[in-house]
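On a predicted model such as this, the values are computed, not experimentally measured, just so you know. We count ligands from 1, going down the list as the structure has it; atoms in each ligand are counted the same way.
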Amino acid sequence: MCGIVGFAGRKQAAPVLMDGLKKLEYRGYDSSGVAVIDGDGNIEVVKAKGRLQSLIDKTDGDKTLHGSVGVGHTRWATHGEPNDVNSHPHLSRDGKFAVVHNGIIENYIELREFLIVRGYEFRSETDTEVIAHLLEYYYGGDMLDCMRKVLNKLVGSYALGVLYSGTPEAFYAVRKDSPLVVGLGDGENFVASDMPALLRHTRRFILLGEGEIVRVAADSVDIFNRNMEKVEHEIVTVDWDEATAEKNGYPHFMLKEIHEQPRALAAVLSRIKGDEIVLDNVKFTADEIKNIAKINIIGCGSAYHAGIIGKYFIERVCRKPVEVDLASEFRYRKPIIGKNTLTIVISQSGETADTLAALREAKRLGSRTLAVVNVLGSSIAREADDVLYTLAGPEIAVATTKGYTTQVAALYLIGLYFAGVIVSIPSEEYAGLLNSLKNLPAAVEEILAAPEKIQYLAAQYAGARDVFFIGRGMDYASALEGALKLKEISYIHAEAYPAGELKHGTISLIEKGSPVITVAVDPDLFEKTLSNAVEVATRGASVIAVAAKTNARIEQKADHTVFIPECSPLIAPVLTAVVLQLFGYYVAAAKGLDIDKPRNLAKSVTVE
Ligand code: F6R
């Protein structure tokens, strides 16, 4: 949800900013802009509606911008439609301050009124413009003091990049509930909304803390807390290379990330050491695990779907009650949190506003919290009591793939780890599940090695208007995820239902040729799912089954069947997900759509 980049060095800033914005475009892509400052304090701003290319064109391939300090922004509009005026950076009335912002200023109307009665006029419809004017209003000779005063007025979430004409050698940045990292170079320093945006320049980062302000110059990085005390942070060095943020020959990041799943799964599952599971940052005593009375799992979108699989799995192997909630619903339903409740929050980005708010609510109500997160040092990872990183590596495509399957794998690890401690399943069952987990990367490879049938089916159904997905139990969660994948990137209306539910209303939509993707993996529920597939086939539906080989009888009733490799039914949802990811991907590819950046979406949803 909006990407920010900042640079201070001795060379031209614009190419660095444009390159960073290119890497951040997945966060928002309806408009973009940059501001650079030269040694005399002149600020130049260029903004353009549309994809980053419009900005590059407007600046003659960034040649027209000369300063060596600057900030840039790629936008996902919240306040005000995407146009040149509403794009960031926003300038103060006197043109001395330029601001880029990711997040939402919740009290911006009040602040607008405060400024209007003091003679300020607004050019844009954004919440961000108030910040530029407030900086001018509060500036009294000391930029840090000015920043502090302005931040004290803001309610909401923000990562900001700020230029001030009086300090042309540096820019300022701050973060609260929105991501921002500092990149350390040699005679040049950076900030960005995420690390991959800077991998071309550095692998050394500082993760800014909540509310911290940083002053970034070519040779110095000074960080201050809200009380203006200087703080030191350790430097984090990542071992990713630039290719992590490139497509590496794949036509889309989504396909690249689908193919990265064997490696990503192997990484998350590396916590299996022989017959044991060792969860690095999850520090529960045996008694604490035994005493857990209830588990809440919370996430948004695909993370929520991972949570449903987690619920089925944990209930099954730990025999403890698990509730799953959408983060946006959880905090407003006045959840009942008992003394021994554990809340697991799931988030690839670790910055999703609803999930972060739900985590805080669970903590406020006294729950212990465990985060399942991909992005290192993200807000959710830092605020939860314990964190299990999913180790998927950077995910650039807006539609999650490896982010999702590694979340599911992480939940399996948690469930099985707890089950091992409380001895809630027989040792043979434990060993069997562990074995299936160990085999997952190879099983995913098997699917990826032979995608032709899925590709063929995608081409067959790319013209569909509506697609239904059905399944029972964990297969229902897989259906939900498959439908989300398809609709978000192919724009085909797709709905998932528990297979037994269709006949309670939705079956009236089934007509001749309606595609019904039937997930039939769970052997215990197979007969029931088969009957449901027959019910829709009888009404003219075209049944496409995704099935376990043990349920091969579905072939007699389905128009097409894709089998997943052999696997424990409890672990198989990862394999089903890969098949349905490929299906969604190839449908969108057949339609020639912009797969990595679907319309209206953004990767990291940092607004509620
Ligand atoms: C779907 C998708 C979204 C995310 C959701 C949560 O493909 O990517 O539904 O799963 O926005 O995001 P995180 O996991 O970053 O909290």
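Each of the atoms 13 (P), 15 (O), 16 (O) of ligand 1 lies under 4.0 Å from some heavy atom of Ser349. Residue Gly301 has at least one heavy-atom neighbour below 4.0 Å for each of these atoms of ligand 1: 9 (O). Listed by number with element, the atoms of ligand 1 under 4.0 Å from a non-hydrogen atom of Ser347 are 13 (P), 14 (O), 15 (O), 16 (O). Numbered from 1 in the order shown, with element, the atoms of ligand 1 that lie under 4.0 Å from a heavy atom of Thr400 read 1 (C), 2 (C), 7 (O), 8 (O), 10 (O). For ligand 1 and Val398, the ligand atoms under 4.0 Å from any heavy atom of the residue are 8 (O). Distances below 4.0 Å separate heavy atoms of Gln407 from the following atoms of ligand 1: 14 (O). Close approach of ligand 1 to Gln348 is summarised as follows: ligand atoms under 4.0 Å from at least one heavy atom of the residue are 13 (P), 14 (O), 15 (O), 16 (O). Listed by number with element, the atoms of ligand 1 under 4.0 Å from a non-hydrogen atom of Glu488 are 1 (C), 7 (O).
Geometrically, ligand 1 and Thr355 share no nitrogen or oxygen pair separated by less than 3.5 Å.
Classified by interplanar angle (parallel below 30°, tilted 30° to 60°, perpendicular above 60°), the ring pair Phe468/His493 is perpendicular.
Of the possible donor and acceptor atoms, one in the side chain of Glu395 sits under 3.5 Å from a partner among the backbone N and O of Thr401.
His233 and Glu212 share a donor-acceptor pair across their side chains, judged by distance under 3.5 Å alone.
Annotation: the span from Lys311 atom NZ to Leu411 atom CG amounts to 13.0 Å, rounded to 0.5 Å.
Only the side chain of Lys485 comes within contact range of ligand 1, with a heavy atom under 4.0 Å; no backbone atom does. Residue contacts with ligand 1 for Asn374 are absent, since no atom lies close enough (heavy atoms, distance under 4.0 Å).
Ion pair Glu323/Arg333 flagged as a salt bridge, since at least one NZ, NE, NH1 or NH2 atom sits closer than 4.0 Å to an Asp/Glu carboxylate oxygen. Using a 4.0 Å cut-off between charged side-chain N and carboxylate O, Asp280 and Arg271 make a salt bridge.
Aromatic ring centroids of Tyr461 and Phe583 lie 6.0 Å or more apart.
Counting non-hydrogen atoms of neighbouring residues, nucleotides and ligands closer than 6.0 angstrom, the CD atom of Glu234 reaches no more than 12 such neighbours.
In the candidate list Gly350, Gly584, Ser302, Ser302 is nearest to atom 9 (O) of ligand 1, counting heavy atoms.
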